[in-house]
J.: 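Submitted below is the structure of interest, expressed as structure tokens.
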Number of protein chains: 2
Amino acid sequence: MNKNKDVGEEQSAALMADVARLAGVAISTVSRALANPGRVNEKTRTRINAAAKQLGYTPNAMARGLRVGKSNTIMIILPGSPYYGASQIIPQVLQSINKSLIQEGYNLMIANLDREEASERHILNLAFGGTVRGVIIFSSKLPEVDGRSPAGAGLPIVSMLFDMSNAGVPSVVTNDREAIRDATTELIRLGHRRFLYIAGPRGNYHDVERYAGVLEALGAGGLSEDALSISGGDLEYQHGFETGIRAVDDFTKLDVRPTAVIATSDDMAISFMSRIQHAGFAVPGDLSIVSFDGSPVCEFCSPPLSTIKQPVEEMGRAAVDLLLGAIDQRQEAAKVRTVIPSKLILRESIGSAKS
Amino acid sequence: MNKNKDVGEEQSAALMADVARLAGVAISTVSRALANPGRVNEKTRTRINAAAKQLGYTPNAMARGLRVGKSNTIMIILPGSPYYGASQIIPQVLQSINKSLIQEGYNLMIANLDREEASERHILNLAFGGTVRGVIIFSSKLPEVDGRSPAGAGLPIVSMLFDMSNAGVPSVVTNDREAIRDATTELIRLGHRRFLYIAGPRGNYHDVERYAGVLEALGAGGLSEDALSISGGDLEYQHGFETGIRAVDDFTKLDVRPTAVIATSDDMAISFMSRIQHAGFAVPGDLSIVSFDGSPVCEFCSPPLSTIKQPVEEMGRAAVDLLLGAIDQRQEAAKVRTVIPSKLILRESIGSAKS
DNA sequence: TTGTACGCGTTATCAC
DNA sequence: GTGATAACGCGTACAA
């Protein structure tokens with residue numbers, strides 16, 4: 001079968017047929033020996049294994065995939081333009097997910113979903129072309145063009161970070177609302193009465209949740225919405241750092257200056273804190289700052305930045321568990337929403353309100 | 001063919017045969033109409049396209065791949081534990097590469113290469129199992145187990161960031177040595193005469209190059225190696241931030257204190273700069289700092305951190321071009337080494353030497 | 001220009 | 001326990 005077997009040097013990939021011939025058995029026996037080792041005589045099995053090793057045999061994934069009608073590739077859909085806060089955590093997420101997947105024999109393919117139709121089409125081709133077996137979505141929207149969507153391809157989907165459970169997509173999220181609420185409550189406890197909220201894209205799930213969390217804390221603390229000023233929130237994508245910079249302008253224009261700032265991503269907080277200090281405000285003397293994400297770099301800001309740390313590794317593992325569960329049909333609807341709590345890390349960017 | 005065609009609702013994937021039947025042509029004609037539109041009558045072609053659209057037909061990638069003996073997936077091998085400085089730039093690299101690949105009809109699969117044999121085996125199965133068509137390697141070593149390596153699988157490989165051209169792997173790198181040399185020269189020009197170099201893993205390509213660059217600048221400036229102290233350089237992996245923290249200890253223990261610090265990654269510089277200021281040293285008053293990578297966050301450090309910016313997007317594009325060139329055999333050996341220059345970004349962390 | 005027939009490498013179904 | 005054989009969905013000689 002292998003026409004190059006006599007060349008010896010750069011032999012092209014060994015086939016199952018080559019292994020069978022070398023081991024002196026039928027090709028189907030080789031297949032079994034590799035897939036169901038129990039259902040084949042031990043003696044022949046070892047002979048087959050030896051032959052396979054000698055030839056450096058590796059099963060052809062596409063042939064197998066075609067035959068069994070399944071691939072073993074999972075696709076993760078990343079936001080095309082780095083999502084306003086997520087770029088810091090993407091590597092951790094990918095690594096966590098990939099590690100979990102590999103243990104179960106799956107591969108990870110990545111796709112970027114931006115505003116161009118071409119990228120949506122590409123993703124859908126992956127989904128409908130049988131290339132992928134399941135989807136982890138890390139973006140705020142599902143790709144859809146010509147009425148086709150990954151769900152329509154019959155693919156299991158799990159959403160990470162964004163709660164899409166009301167769209168029927170099992171989601172692994174953190175407790176955005178409670179986490180921000182608790183952080184705000186802590187600020188109130190420290191005597192703060194006026195706040196600046198640096199928003200993510202308006203309407204975005206995270207922004208909705210986090211904004212609500214701030215309001216809940218204000219309400220519980222006996223403060224009205226008037227205590228809250230808002231910056232950012234543009235619909236258009238913007239780099240987190242830029243949002244923070246603009247927030248400095250907004251801040252300095254306010255008649256009554258807030259004493260505490262709640263940023264919805266570390267990037268925003270980092271650029272804001274840097275520029276606001278250049279503008280002559282002391283942190284935390286004049287101004288306390290807390291943000292969301294938990295990037296490692298926050299510890300080394302000046303002053304060290306308080307942040308709400310998202311457990312991205314755990315969330316990655318949970319998303320994989322959910323997805324593989326759906327694939328194996330172990331669970332059909334699963335728990336639709338899995339919440340993994342974030343943790344407030346208090347650092348020196350937060351202090352008592354100026355009296 | 002499609003047994004579910006009468007269900008209408010959740011129809012399983014339409015096949016080429018379905019399209020052929022609906023268009024009233026033979027299955028092979030459909031195949032041609034999609035692949036070589038020129039070689040089929042316009043009238044029938046439009047009929048076929050209409051049928052395909054109506055059925056939501058998407059070609060099965062595995063069947064095609066099996067038939068043509070090629071996949072259209074590229075694998076990128078990432079360092080399993082975040083490489084000492086690279087974690088900041090991985091998202092940009094992935095996005096740049098993915099974008100370039102999609103335009104040419106390829107997909108991107110990711111693999112992590114850490115110290116465990118399982119991950120090497122996984123990568124090699126991908127390579128030998130026909131799953132991938134080419135490899136972009138972002139790690140300092142090539143996976144190899146049982147004497148198998150991706151090159152042995154006949155796969156085109158391109159290395160990014162690391163120069164592996166002497167191992168026969170076309171590489172896209174930046175001018176580490178010159179960039180560091182120029183930065184060091186600038187420090188010398190500013191009157192600095194003693195330096196601390198915060199090293200990456202000893203023996204690592206980047207560290208070798210960058211260290212050499214420092215020495216070249218010292219030599220050109222009439223300084224001896226005695227002008228240089230070294231911190232870091234552990235063989236074991238360590239988080240960049242930790243290396244910077246340890247460098248603070250090393251620095252304070254030196255009898256003659258350097259007035260300038262050259263860090264081989266932004267992470268190191270960021271944690272070092274933060275802690276050294278807490279220890280009572282002024283930047284750049286007592287100490288100038290420059291680092292390597294060009295993370296956006298450097299601009300918002302206190303003081304803003306000078307850094308050598310690597311053109312990661314360009315490097316990603318170049319790597320893809322090289323790889324696809326090798327796949328298409330347009331170029332056989334290609335230029336073995338492509339250098340894309342980095343750019344020194346001067347910020348306030350650098351100043352004249354204390355007199 | 002279009003249709004027929006075969007094969008890509010593997011797994012699953014059946015006999016033996 | 002093992003072997004022959006028919007698919008999986010598509011591309012491509014070749015014949016019509």
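Because the structure is predicted, anything quoted here is derived from the model rather than measured. Letters A, B, ... mirror the listed sequences (proteins, then strands); counts begin at 1.
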J.: Would you call A:Arg337 and A:Asp163 a salt bridge, taking side-chain N to carboxylate O under 4.0 Å as the test?
T.: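 Yes.
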J.: Name the closest nucleotide to the A:Val40 side chain, picking from D:dT2, C:dT10, C:dG9.
T.: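 Within the option list, the nearest is D:dT2.
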J.: If you only use heavy atoms from C-beta on, which nucleotide in D:dG11, C:dT11, C:dG3 is closest to the side chain of B:Ser31?
T.: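 From the listed options, D:dG11 comes nearest.
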J.: If you draw a 6.0 Å radius around NZ in A:Lys141, do more than 12 non-hydrogen atoms from other residues or ligands fall strictly inside?
T.: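 Counting other residues, nucleotides and ligands, NZ of A:Lys141 exceeds 12 neighbours.
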J.: B:Tyr57 side chain N/O closer than 4.0 Å to the phosphate oxygens (OP1, OP2) of D:dG9?
T.: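 Negative; the distance criterion is not met.
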J.: If you check every side-chain atom of A:Val68, which of C:dT11, D:dC10, D:dG3 has the closest atom?
T.: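 Among C:dT11, D:dC10, D:dG3, the one nearest the side chain of A:Val68 is C:dT11.
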J.: Find the distance between CG (A:Leu94) and CG (B:Leu94) and round it off to the nearest 0.5 Å.
T.: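 Going from the CG atom of A:Leu94 to the CG atom of B:Leu94 covers 6.5 Å.
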J.: Is B:Lys99 paired with A:Asp114 through a side-chain N to carboxylate O contact shorter than 4.0 Å?
T.: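 Not counted as a salt bridge, because no side-chain N and carboxylate O are separated by less than 4.0 Å.
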J.: Starting from P on D:dG1, measure out to CZ on A:Arg47 and report it in whole angstrom.
T.: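 Spelled out: CZ on A:Arg47 to P on D:dG1 is 15 Å.
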J.: For A:Leu55 and C:dG9, give me the distance from atom CG to atom P, rounded to whole Å.
T.: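 In whole Å, C:dG9 P and A:Leu55 CG are 15 Å from each other.
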J.: Using only side-chain N and O atoms of A:Thr29, determine if any of them is under 4.0 Å from OP1 or OP2 of D:dG3.
T.: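 Yes, such a contact exists.
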J.: May I have the distance from A:Leu34 (atom CG) to C:dT10 (atom P), rounded to whole angstrom?
T.: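 Going from CG in A:Leu34 over to P in C:dT10 covers 10 Å.
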J.: The side chain of A:Ala26 is closest to which nucleotide in this list: D:dA4, C:dT2, D:dT12?
T.: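 When the side chain of A:Ala26 is considered, D:dA4 is the closest of D:dA4, C:dT2, D:dT12.
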J.: Counting the atoms with a prime plus P, OP1 and OP2 as sugar-phosphate, which does B:Arg67 contact under 4.0 Å by heavy atoms, base, sugar-phosphate, or nothing?
T.: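 Touches a base.
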J.: Quick check for you: among D:dT5, C:dT2, D:dG9, whose closest atom lies nearest to any side-chain atom of A:Ile27?
T.: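 Selected nucleotide (nearest to the side chain): D:dT5.
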J.: Would you confirm whether B:Glu120, through its side chain, and B:Glu144, through its main-chain N or O, come within 3.5 Å as a donor-acceptor pair?
T.: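 Yes: the side chain of B:Glu120 pairs with the backbone of B:Glu144.
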J.: Of the listed nucleotides (C:dT11, C:dT1, D:dT2), which one gets closest to any side-chain atom of B:Asn41?
T.: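 Closest nucleotide to the B:Asn41 side chain: C:dT1.
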J.: So if I take every side-chain heavy atom of B:Ser28 and compare against D:dG9, C:dG3, D:dG11, which nucleotide ends up nearest?
T.: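 Among the listed nucleotides, the one closest to the side chain of B:Ser28 is C:dG3.
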J.: Please report, rounded to the nearest Å, how far the P atom of D:dG9 is from the CE atom of A:Met62.
T.: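 Rounding to the nearest Å, CE of A:Met62 and P of D:dG9 are 16 Å apart.
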J.: Below 3.5 Å, does any donor atom in the side chain of A:Arg32 face an acceptor in the base of C:dT11, or the other way round?
T.: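 Counting by modelled atom types and ignoring angles, no donor-acceptor contact under 3.5 Å is found here.
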J.: What is the separation between atom CG on B:Asn36 and atom C1' on D:dG11, rounded to the nearest whole Å?
T.: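 In whole Å, D:dG11 C1' and B:Asn36 CG are 10 Å from each other.
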J.: Among the candidates C:dG9, D:dG9, C:dT2, find the nucleotide nearest to the side-chain atoms of B:Ala63.
T.: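 Ranking C:dG9, D:dG9, C:dT2 by closest atom to the B:Ala63 side chain puts D:dG9 first.
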J.: Taking NZ from B:Lys70 and P from D:dG11, how many angstroms apart are they, rounded to a whole number?
T.: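 Nearest whole value for this atom pair: 13 Å.
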J.: Could you check whether A:Glu116 pairs with A:Arg121 (Lys NZ or Arg NE/NH1/NH2 to Asp/Glu carboxylate O, under 4.0 Å)?
T.: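 Not counted as a salt bridge, because no side-chain N and carboxylate O are separated by less than 4.0 Å.
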J.: Figure out the CZ/P separation between B:Arg21 and C:dG3, and round it to whole Å.
T.: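 So the two atoms are 14 Å apart, to the nearest Å.
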J.: Check the distance between C:dG9's P and B:Phe128's CZ and give it to me in whole angstrom.
T.: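 The answer, rounded to whole Å, is 16 Å.
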J.: Ignoring the backbone of B:Thr44, work out which of D:dT2, C:dT2, D:dC10 is nearest its side chain.
T.: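 Of all the options, the side chain of B:Thr44 is nearest to C:dT2.
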